[in-house]
Amino acid sequence: STSSILICGGAGYIGSHMAQWLAERGHTVTVLDNLSTGHRGAVRWGRLIEADLMDPAGLKRAFSGQRFDAVMHFCARSLVGESVAEPYPYYSNNVTGTLNLLEAMRDHDVSQIVFSSTAAVFGNPISEAIDEEHPRSPINPYGASKLMAERFLADAAHAYGLRSVTLRYFNAAGALPEHGIGEAHACETHLIPNVLRAALGQGPALKVFGNDYDTADGTCVRDYVHVQDLAQAHALALGFMAREAGAHTFNLGNAQGFSVQEVIATAASVTGVQIPYDVAPRRAGDPARLVASSEKARRVLGWTPQWTALEPIIESAWRWHRDPPSWSPHHPHAHAHAPGQIA
Ligand code: UFG
């Protein structure tokens, strides 16, 4: 059956892929976004409500205008380094903003939410494959803010009967260039886009942050998961919440780690370009290795990731970065600081 879903943060990277997934399957999609880091041009499916989670009156208007069966909550500040330097906006947006959203849902009898969380709630992992029960011990404000919101959902399940699924992403990557969506951050810090822009001769010179970690080649190891596979997991979570009360949590990754050097080598083979880089000091807050166990998501949700190898993930991102749409800050004619962009 089809339903009406409010996608908060649907103008952003992962939220826009969610909108594509749901709309293609006949669901009614409404996007709520303040366009601080998202893009009007990325809202290609459904209506856009321009509103801010910090504005309860705007939220009230959004929920009063239409009935939603469930909410998906992708809005967040999400950069680890920035959160260390500027913690207050992380706590206001990710903690207070989430609380405002949950209160608006309660006021309007919307009782199901899928929440975007992160591997950053684990801090420095103490085991190889990180499952849902791994101790949560965030080492930066970003991870701490997401962990606090996870706690809201557990408390709200108990107190108000709110149904929720928290999905902790490892490293979201890839794009759907054939649908006109992909990663388009005005200020890009993520590895794969930085590597591909270096291959294009764009962006700042590529730096590898540390080659003296306790890993096979000394560079950090991450678990890259395609945004379309993340969208699939959210859609499965909708069905799961309809059957199961309570607050549930799943880790989403491919259970396979790749080092920064392996990412650069794979990107070189995808693009046919030798990609120059410099080794730089370690970046604050980077754990050596983050690899998910997603056994629970596969078993309980029936999640079956389609993008399990690194090469096609990078290839999809390459097709996107090679030919960005006019609204992307990476388009050759984009203004350096488009309105609504955080520099
Ligand atoms: N890296 C480089 N050079 C770059 C960019 C990144 O060497 O130009 C390295 C980083 O140091 C890290 C790896 O590449 O070792 C991956 O870095 P990303 O910034 O792409 O991703 P992170 O693993 O830092 O971040 C991701 C999510 C966060 C989440 C975090 C958990 O984007 O939301 O995992 O630690 F919090």
Side-chain angles (χ1 to χ4, degrees), residues 9 12-15 37 74-84 87 90 93-94 115-125 130 134 136-150 166-175 183 185 187-200 202-227 230 251-254 257-267 275-292 310 313-314 317 321:
Y13 173 40
I14 307 175
T37 56
F74 298 88
C75 301
R77 296 269 193 148
S78 65
L79 301 178
V80 168
E82 187 185 63
S83 80
V84 175
Y90 277 76
N93 278 275
N94 299 0
F115 175 64
S116 303
S117 189
T118 169
V121 299
F122 298 111
N124 286 311
I130 303 173
H134 183 288
R136 271 75 75 198
S137 185
I139 55 172
N140 50 62
Y142 170 58
S145 71
K146 287 287 183 177
L147 186 58
M148 178 53 65
E150 287 191 10
T166 289
L167 300 175
R168 297 186 185 127
Y169 317 151
F170 282 62
N171 287 63
E183 196 164 6
H185 296 122
C187 172
E188 188 52 79
T189 65
H190 292 115
L191 178 63
I192 291 176
N194 282 351
V195 169
L196 294 176
R197 297 193 71 220
L200 287 163
Q202 297 169 359
L206 182 63
K207 288 184 183 145
V208 170
F209 298 129
N211 66 354
D212 56 352
Y213 284 95
D214 184 18
T215 59
D217 65 24
T219 63
C220 288
V221 170
R222 293 291 182 270
D223 184 337
Y224 296 91
V225 53
H226 197 282
V227 278
L230 295 180
N251 293 355
L252 299 181
N254 271 312
F258 295 96
S259 73
V260 172
Q261 266 182 11
E262 287 172 323
V263 168
I264 296 172
T266 305
I275 302 167
Y277 63 85
D278 293 315
V279 176
R282 291 181 175 197
R283 192 171 70 176
D286 278 348
R289 191 170 184 281
L290 284 174
V291 178
L310 185 60
I313 294 177
I314 291 181
H321 285 284

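Since the structure is predicted, the reported quantities are computational estimates derived from the model, not experimental observations. In each ligand, atom 1 is the first atom listed, and ligand 1 is the first ligand listed.
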With [atom] as the reference point, say which of [options] has the nearest heavy atom.
{"atom": "atom 11 (O) of ligand 1", "options": "Asp286, Asn140, Ile192", "value": "Asp286"}
{"atom": "atom 9 (C) of ligand 1", "options": "Thr118, Val260, Val121, Asn124", "value": "Val260"}
{"atom": "atom 25 (O) of ligand 1", "options": "Leu79, Asn171, Leu290", "value": "Asn171"}
{"atom": "atom 18 (P) of ligand 1", "options": "Arg222, Arg289, Arg283", "value": "Arg283"}

Which protein heavy atom lies closest to [atom], and at what distance to 0.1 Å?
{"atom": "atom 8 (O) of ligand 1", "value": "Asn194 ND2, 3.1 Å"}
{"atom": "atom 32 (O) of ligand 1", "value": "His190 NE2, 3.1 Å"}
{"atom": "atom 1 (N) of ligand 1", "value": "Phe209 CD1, 3.6 Å"}

Working to the nearest 0.5 Å, report the span between [atom1] of [X] and [atom2] of [Y].
{"X": "Leu167", "Y": "Leu252", "atom1": "CG", "atom2": "CG", "value": "5.0 Å"}
{"X": "Ile130", "Y": "Arg168", "atom1": "CD1", "atom2": "CZ", "value": "10.0 Å"}
{"X": "Tyr277", "Y": "Asn194", "atom1": "OH", "atom2": "CG", "value": "15.0 Å"}
{"X": "Phe258", "Y": "Ile314", "atom1": "CZ", "atom2": "CD1", "value": "8.5 Å"}

Is His226 reaching over with its side chain to a backbone N or O of Ala175, donor-acceptor style, under 3.5 angstrom? yes
Does the Asp223 side chain pair with the main chain of Phe170, one donor and one acceptor, at a distance under 3.5 Å? no
Hey, are Tyr142 and Glu82 close enough side-chain-wise for a donor-acceptor pair under 3.5 Å? no
Could you check whether Glu150 and Ser117, counting side-chain N and O atoms only, form a donor-acceptor pair closer than 3.5 Å? yes
Relative to the heavy atoms of [X], which atoms of ligand 1 are at a distance of less than 4.0 Å?
{"X": "Val208", "result": "7 (O)"}
{"X": "Ser78", "result": "33 (O)"}
{"X": "Ala120", "result": "31 (C), 36 (F)"}
{"X": "Cys220", "result": "15 (O)"}
{"X": "Thr189", "result": "5 (C), 6 (C), 19 (O)"}
{"X": "Lys207", "result": "2 (C), 3 (N), 4 (C), 7 (O), 8 (O)"}

Output yes when the distance from some N or O of ligand 1 to some N or O of Val80 is under 3.5 Å, and no in every other case. no
Is there at least one pair of N or O atoms, one from Leu191 and one from ligand 1, spaced under 3.5 Å apart? yes
Presence of salt bridge, Asp212 and Arg282, under 4.0 angstrom: yes
Got a salt bridge between Glu188 and Arg197, using NZ or NE/NH1/NH2 to carboxylate O under 4.0 Å? no
Region of Tyr142 engaging ligand 1 - heavy atom pairs below 4.0 Å: side chain
